[in-house]
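Worksheet for the structure shown next.
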Amino acid sequence: MIGQLRTVVIDCPDPRALAGFYSELLGLPVDPDASDDGWVVVAGSGHRLAFQKAPDLRPPAWPDPERPQQFHLDVQVTDVEAAEKRVLALGARRLPGEGDDFRVYADPAGHPFCLVFPE
């Protein structure tokens, strides 16, 4: 091993707003010591996501290959119906495509993520 993953960094136009979305989604608090207007971190339980200001970001357009997803997060849930209601209330939107054990959404800045659940 060369190193260990420290942080997944997501570019977005409004780091504080997107950090708030993922804080609620994942139950990870915003780290006030590692945040400013251009960089906001949510962290806990050994997990760390950072949101970096990118004012001219062109979000992915799932499933359009002209603007691919670039990355996505899989979020494990036990009750997908309840989880879907909560993420939509937080500002996510449902995207086309799903499988037997996942549904695809976009966060408020347009990044795809999946709710993954038991079949």
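What you see is a predicted model, and the numbers here were worked out from it, not measured in a lab.
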Inter-residue atom distance L18.CG - L25.CG, 0.5 Å rounding: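 Reported to 0.5 Å precision, the distance equals 10.0 Å.
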Gap between atom CD of E84 and atom CZ of F117 - 0.5 Å precision: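 Here the rounded value is 9.5 Å.
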Cluster check [X], [Y]: I/L/V/M/F/W/Y, side chain < 4.5 angstrom:
X    : Y   : value
W39  : Y22 : no
V40  : L28 : yes
Y105 : F71 : yes
V75  : V87 : yes
F21  : L95 : no

Can you tell if the side chain of [X] reaches within under 4.5 Å of the side chain of [Y], non-hydrogen atoms only?
X    : Y    : answer
K85  : D79  : no
L73  : D107 : no
V42  : L26  : no
W62  : P96  : yes
Q76  : P118 : yes
F102 : D74  : no
R16  : D37  : yes

Residue pair [X] / [Y]: nearest heavy atoms and the distance that separates them:
X    : Y    : result
C12  : F51  : SG-CB, 4.0 Å
A109 : P13  : CB-CD, 4.1 Å
C114 : H72  : SG-CD2, 4.0 Å
A43  : R48  : CB-CG, 3.9 Å
P60  : G110 : CD-O, 3.6 Å
P68  : P65  : CD-O, 3.5 Å

Greater than 12 external heavy atoms within 6.0 Å of R94's CZ: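 Correct, the count exceeds 12.
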Positive for side-chain hydrogen bond (donor to acceptor under 3.5 Å, both in side chains) with D11, one of Q70, Q52, H111: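 Single pass found, and it is Q52.
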Donor-acceptor contact below 3.5 Å, side chain S35 vs main chain D31: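 Yes, S35 side chain to D31 backbone: donor-acceptor pair under 3.5 Å.
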